[in-house]
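What follows is a short report on a single structure.
Not measured: the values here are computed from a predicted model. What you see below is based on every heavy atom in this structure, not just the backbone, and it leaves out hydrogens, waters and symmetry mates. So that the names make sense, note that chain A is the first sequence line, chain B the second, and so on, each numbered from 1.
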Amino acid sequence: MTTIQVHNTLTGKKELFVPVNGNRVLMYACGPTVYDMSHLGHARMTLVYDVIQRYLRFSGYDVTYVRNITDVDDKIINRAKSLGISPEQVAREYTYTFWHDMHCLNIQPPDFEPKATEFIELMIQFTKELIEKGHAYESRGDVYFDVASFKEYGKLGKKTLEDLLVGAREQVKSQDDLADRKRNQVDFALWKSAREGELGWSSPWGAGRPGWHLECSTMTKHVLGETIDIHAGGEDLVFPHHENEIAQSEALHGKPMAKYWLHNSFVQVNSEKMSKSEGNFTTIQNLLGRFSADTIRIFALQTHYRHPIEFSMESLTAAKTALGRLLRAAAYATPAEQSNGAGATAGEAVLKQNAQQITRATAESLDPVNDDLTKQFRKTFTDAMDNDFNTAIATSQLFFLSDKIFVETDENRRRGYATVLVQYARLLGLTLSDTRKQVDDATTKQIVDLVLELRNIARTKKDYETSDLIRKRLADAGLNVMDTGGNTTWEQA
RNA sequence: GGCGGCAUAGCCAAGUGGUAAGGCAGAGGUCUGCAAAACCUCUAUCCCCCAGUUCGAAUCUGGGUGCCGCCUCCA
């Protein structure tokens, strides 16, 4: 079972994946701060770890996947101020939009999705213990982590305390109004005191709120444990976020926080990071209006997760065209394999699909053909995924199999190949449900207008047989056609 | 300034010692009343530059150039 290699940011190397505790895999990914709409960069992050946890389950591991929601943060507070509503309302609203986006993208829900606000008491406890152990100190209502007290600080971000201090000196140090509260420039907040009328919870140090890094340390500890297998997030979280989590957790527990640290690279626009602050982002909802979830997924998975993706409408359109070939190939599968389960709700369909998902152990027995071709396909696919989740190669294999499907003349064999295609596409979270014939409202209106135009041509020619047929058929379809004063209008019956 | 990463066809993008995956675009063909779509076939003598190691390098080493990220909120 231990054939998976993962790139570990901690060591900077690819390593054989061996869980800490037998077959159990405890995995935590840093989720969103819910203060605004999610963009393609967030989609990539959730997509990548969605596929990784799917693949670990496929590989037979007993995975517990946790993705948190940060619902208390300066950005939320600022957003609430500018909107004139409470921070709780902001957090709830954007939690809903996040869930909606994730659902649309066919991201499997995590096993647990803790929110920071649910762990305030435990965060206070965590901070108390750090103070008791001499790793943190109070300063005028704030509590800071004493970086100098944790000698391994910087091991994830490959920085030394000296470098950081020099760097801090180079920076606009004078603008840090907290400088005189901290023992050391690089110390970071575990607890921030609240100003008058600001969001806050009571604590031994007065009203305040937790620092950003603390929530992940606390939730990881209490939802999963003191040492977990995989801790993941975007590349920008390596330092300081994950570095600080390590400092807090390992200073307190005296053991590694996570065995493997995984980080995905960014989505770029014109070679620059897509981000809120750059203003060069495209929201998921905006994208979903123009491209299917499968298209966005193919687009993201065609690049290895540790490499930047260059985003452009052209690339996304290319992915859409490419997906079309996969959809046509998948259409040769049996309806049961291909459909989402007729009559089921979207949620039921997803749960059903997940339940039917193949595993490494069942893949061969569930392969209806199991000839040299599918054996080769399965091996190349899993070899690629075993190699630090190389979805680019795995995806290319879907195209390889599609080509074989198109040239196969034996119907049974072709149906079998298509079934295997669908099985493995689902492993990557692709539904391959055929959206090519879904027509939007604007197009529907144009079509009705076209039909009425043709009907009016018939009426002009006094071909009432045809025009009446059209009216009847439209009525059967639920549309009433009305001729009044030389005008023809229509509405829903 | 410190640390880390990247440079592969028109574009996107795998490959990290054995002689360049895949996708898009492009060309030719099949099909077709026309058109479109679809399918089939083809498309980098070579991987930013220079030097080195090696029987052999896009892949390793050294140097150079360009770009990006982190060090402040960030997936």
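The pair A/K14-A/D388 does not count as a salt bridge, with every side-chain nitrogen at least 4.0 angstrom from each carboxylate oxygen. Under a 4.0 Å N-O distance rule, the pair A/K155/A/E250 qualifies as a salt bridge. A salt bridge does not link A/D371 to A/K404: none of the charged nitrogens lies less than 4.0 Å from a carboxylate oxygen. Checked for salt-bridge contact, A/D74 and A/R209 meet the test: a charged N lies under 4.0 Å from a carboxylate O.
RNA chain B is contacted by A/K75 of residues 69-101 of chain A, taking any non-hydrogen atom closer than 4.0 Å. Remark: A/H39, A/G41, A/H42 in residues 35-43 of chain A come within less than 4.0 Å of RNA chain B through at least one heavy atom. Of the residues in residues 289-297 of chain A, none has a non-hydrogen atom less than 4.0 angstrom from any atom of RNA chain B.
Residues passing the ring-ring contact (aromatic ring centres under 6.0 Å, His included) test with A/F400, sequence neighbours excluded: none. In terms of the ring-ring contact (aromatic ring centres under 6.0 Å, His included) criterion, A/H7 has no residue partners (sequence neighbours excluded). By the ring-ring contact (aromatic ring centres under 6.0 Å, His included) test, A/Y424 is found to be paired with A/F377, A/F381, residues two or more places apart in sequence or in another chain being considered. For the side chain to side chain contact (heavy atoms under 4.5 Å, CB included) test, residues two or more places apart in sequence or in another chain that qualify with A/T70 are A/T33, A/N68, A/D73, A/W212, A/E215. A search for ring-ring contact (aromatic ring centres under 6.0 Å, His included) contacts involving A/Y55 returns A/F58, not counting sequence neighbours.
Side-chain proximity of A/F399 to the nucleotides B/G22, B/C3, B/A75 is greatest for B/G22.
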Report summary line: Nucleotide by nucleotide, nucleotides 4-20 of chain B touches protein heavy atoms under 4.0 Å in the pattern (B base, S sugar-phosphate only, - none) --------SSSS-----
Report summary line: Readout for nucleotides 31-41 of chain B: B = base within 4.0 Å of protein heavy atom, S = sugar-phosphate only, - = neither; 5' to 3' it is -------SSS-
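For residues 262-293 of chain A, the pairs satisfying ring-ring contact (aromatic ring centres under 6.0 Å, His included) are A/H39-A/F281, A/H242-A/H263, with sequence neighbours left out.
Residue contacts shown for A/E272 are limited to sugar-phosphate atoms, with no base heavy atom under 4.0 Å away. Residue contacts for A/T160: at a heavy-atom cut-off of 4.0 Å it reaches no nucleic acid atom on any strand shown.
For the pair A/R67 and A/Y49, the cation-pi test (distance below 6.0 Å, angle within 45°) is failed.
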Atom pairs and distances, donor-acceptor, side-chain atoms in residues 443-450 of chain A, under 3.5 Å, two or more places apart:
unit_1: A/T443; atom_1: OG1; unit_2: A/D440; atom_2: OD1; d: 2.6
unit_1: A/T444; atom_1: OG1; unit_2: A/D440; atom_2: O; d: 2.9
unit_1: A/D449; atom_1: OD1; unit_2: A/W490; atom_2: NE1; d: 3.3

